[in-house]
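In what follows, a structure is listed as structure tokens, so that the remarks can point back to it.
We name chains A, B, ... by the order of the sequence lines, and we start the count at 1 in each one. What you see is a predicted model, and the numbers here were worked out from it, not measured in a lab.
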2 protein chains.
Amino acid sequence: MVTIKDIAKKAGISVTTVSRALNDYYDVSPTTKALIQSIAKEMGYVPNRSAQSLVKQKSNTLAIILSGLEKEGGKDNIVYGMLSGMYAFAETVNYEVALFTTSTAQQKKKSYVQFCKEHNIGGAVVNGIRTDDPFFEELLHSDLPCVLIDVFMEGKNTCNISIDNVKASQQAVEYLIKNNHKNIAMINGRKEASVSVERQKGYINALTASGIEVKGDYLVYADYLEETAYEKTKELIKKFPEITALFCASDMMALGSIRAIKNCGLCIPQDISVVGFDNIPLSAYSTPALTTISQDFYFMGYEASRQLLKMINNEPVKKNVFLKHKLLERDSVAMI
Amino acid sequence: MVTIKDIAKKAGISVTTVSRALNDYYDVSPTTKALIQSIAKEMGYVPNRSAQSLVKQKSNTLAIILSGLEKEGGKDNIVYGMLSGMYAFAETVNYEVALFTTSTAQQKKKSYVQFCKEHNIGGAVVNGIRTDDPFFEELLHSDLPCVLIDVFMEGKNTCNISIDNVKASQQAVEYLIKNNHKNIAMINGRKEASVSVERQKGYINALTASGIEVKGDYLVYADYLEETAYEKTKELIKKFPEITALFCASDMMALGSIRAIKNCGLCIPQDISVVGFDNIPLSAYSTPALTTISQDFYFMGYEASRQLLKMINNEPVKKNVFLKHKLLERDSVAMI
DNA sequence: TTTAAAATCCGATACGTTTCGGATGGTAAA
DNA sequence: TTTACCATCCGAAACGTATCGGATTTTAAA
């Protein structure tokens, strides 16, 4: 391993000056600067990040904390999108990304704060962490800058980023109403998740605004799981055959619903219309193609990390950032 | 930040002993060990990875080098699968993973070797890098341990991991032949990629073994892209209406082919049968569900990193590791 | 009692980099 | 000639940890 000491020796110059030359400081002459840089290149010098991070007490690294890169969890491509967005942004500012996942398996899991401290990390983007996770609490109470994606909590030094979930789901349900649907059920995710609450609010808003009675029985929770949605949908449409439309709080659940509906011998959208949420790749390939609320997860990851960097640099940021969404009309909704 | 010095002071004990206690060395008494560990916990001590990595000259980190976490590239979920497998393994051995992607955009991209040196990384898992990438060449010539997924090249300190692509595609085509197909075309990927070569070999093997003439015109390249496959398939089935079956070297291309076939007013599998390759999530949701060769990318990432760690620790490893595959019969193939 | 061996501890140094505080020599203004 | 100011350089300390080589005490064997 070639170090700045080696360069210094070869150039007959002090270590200090080599360091300052390589970092392009003003107080080293253009001549020596050029000399040193050429020697560095010639010797194949690579700066040692550990040493840099140790002495500078920071590491040019952003953390992303995820609920888990699970074997079967990635079908929706959401995490992938956020990740790639984050990496894309980090690259533009010469930062790196450290990915930390909470393994459900591992009992003695490490605290998020600890992870960041270990690595001299300045701040974290957080997604998919359960709000009752004790380590999440600890993170919120620490003064590490955090950007929370799709979860609304207040911490010591946090901000939130997401689409306007209320408006988006309201829009989705209004679209169904516009297509003359009145008996509209909702397959929601986990009751506790803040996005679920928001999306439910939008559903109710749309119904009441159109003078449609909100029936508690039409509202079921499927944990954002395809399989659960499949079962709940089956029960639902057997119990309430008058239902003509379904609003699902995620595309994965919508896919489960679609399967359930087909399985009951009904047709989509002729018998029952379905609207999803997220616009995951699968939704475009299902039959029928799923009408859904489109979110740009790549951009979300990109923006989240951009916000984070601002916070790390003590620049002012908005506490709540709302990104754009879009209703994507495809083939799973019909006029009745 | 609380350091071992702080602990030493509080415990009235030397820094050396604190370090050795925390690392559970044999030559510190159980009493002091317990004392120090409790003080460490109480003070919220977190070891500084930079300092550790600096002094130990290594970092307990595995690199994964990918061709890019691109916005649109992740639809097949393959990279995600490998990633999660790698993280899962790394966790079991208390290692971390550093992800490095080659941005097509960024001109002044950094060499892979440089990245590893900077971070004191002991070795890398590599996937999807073009074989003519100069930095890839450099990596192969370096003595960094490398596990190459799905690419067959020999380096100074490398090994390869993949399924038996020849056998797998041979099996796929044999399956079509068993269903009485004789005019079987193949949509292959990039001609240069080694997996393409292998899969083509399997295709030809199967045909010749059954005494079916291999027609050069039946073999087209679509770059592993859905859209290109769509177009090439259209041309193909217009030009050669006798074709009754298609073997595609990837599921993404198969999805393009399916769309093309439908678009020509033909039915799958009644008019044309299709077999894909990979078993990506989308393949199960397409209509008809795609018959395909199933690979376990999670396991591939897991095994690749397991191999890598062995190489880093100078344990002996096999030069070529073949993982299992499986022909997954679904609904896109019919007997004629 | 002496001696050897085990158990337990510690000082000093090293890892590679940055940075504080100053040193040196040269140039221009007073 | 003196003074002040640049431009350019450098020594030494610091970051937090691990480890080599040895020191000290305790225990057990002879």
Side-chain angles (χ1 to χ4, degrees), chain A residues 1-37 39-40 43-61 94 96 113-122, chain B residues 1-37 39-41 43-61 94 96 114-122:
Chain A
M1 167 173 278
V2 30
T3 72
I4 54 172
K5 264 185 205 167
D6 303 324
I7 299 177
K9 206 175 292 170
K10 185 150 189 175
I13 265 183
S14 83
V15 171
T16 304
T17 306
V18 173
S19 172
R20 297 179 81 84
L22 292 174
N23 290 309
D24 210 27
Y25 271 60
Y26 65 97
D27 67 347
V28 29
S29 78
T31 341
T32 43
K33 219 180 252 185
L35 171 70
I36 289 174
Q37 270 155 5
I39 293 186
M43 298 180 74
Y45 169 73
V46 173
N48 184 312
R49 295 249 176 192
S50 303
Q52 287 180 323
S53 153
L54 180 59
V55 68
K56 294 215 282 195
Q57 303 279 57
K58 62 168 210 153
S59 71
N60 277 31
T61 304
N94 237 318
E96 305 202 328
V113 175
Q114 189 176 348
F115 176 79
C116 291
K117 279 194 183 168
E118 268 185 16
H119 292 272
N120 285 331
I121 287 176
Chain B
M1 168 173 278
V2 30
T3 73
I4 54 172
K5 264 185 205 166
D6 303 325
I7 299 177
K9 205 174 294 170
K10 185 150 189 175
I13 267 184
S14 82
V15 171
T16 303
T17 305
V18 172
S19 171
R20 298 179 80 83
L22 292 174
N23 290 309
D24 209 27
Y25 271 59
Y26 65 96
D27 67 347
V28 28
S29 76
T31 341
T32 43
K33 219 179 253 184
L35 171 71
I36 290 174
Q37 271 155 4
I39 293 185
K41 188 167 223 174
M43 298 180 75
Y45 169 73
V46 173
N48 184 312
R49 295 249 176 193
S50 304
Q52 288 181 323
S53 153
L54 180 60
V55 68
K56 296 216 280 195
Q57 302 279 58
K58 62 169 210 151
S59 70
N60 278 30
T61 305
N94 237 316
E96 305 202 326
Q114 190 176 347
F115 176 79
C116 291
K117 280 193 182 168
E118 269 184 15
H119 292 272
N120 286 331
I121 286 177

Return all side-chain donor-acceptor pairs below 3.5 angstrom for residues 4-12 of chain B, not counting sequence neighbours, or 'none' if the list is empty.
residue, atom, partner, partner atom, Å
B/Asp6, OD2, B/Thr3, N, 2.8
B/Lys10, NZ, B/Glu42, OE2, 3.2

* To do: State which of C/dT18, C/dG16, D/dT17 makes the closest approach to the side chain of A/Ile4.
  => C/dT18
* Structure fact -> A/Ser29 has its side chain closest, among D/dT8, D/dT17, C/dC15, to D/dT8
* Atom-to-atom span, CG of A/Asn48 to C1' of C/dG16 - whole angstrom -> 6 Å
* Look at the side chain of B/Thr3 against the base of D/dT17 and say whether a donor-acceptor pair falls under 3.5 Å; ignore hydrogens and angles. => no
* **Donor/acceptor link under 3.5 angstrom from B/Thr16 side chain onto base of C/dG11** => yes
* Asked: Counting just side-chain N and O atoms, does B/Thr17 come under 4.0 Å of either OP1 or OP2 of C/dC10?
  -> yes
* Please list residues of residues 49-57 of chain B whose heavy atoms come under 4.0 Å from any atom in DNA chain D, ordered by number; otherwise none. => B/Ala51, B/Gln52, B/Val55, B/Lys56
* **Non-hydrogen atoms of A/Ile36 and A/Thr17 that approach each other most closely** => CD1-O, 4.1 Å
* Nearest heavy-atom neighbours spanning A/Lys33 and A/Tyr25 -> NZ-O, 2.8 Å
* To do: Keeping the roles fixed (side chain from B/Ser59, backbone from B/Asn120), state whether a donor-acceptor pair exists under 3.5 Å.
  => yes
* What are the residues of residues 18-28 of chain B, sorted by number, that bring a heavy atom to within less than 4.0 Å of DNA chain C? -> B/Asp27, B/Val28
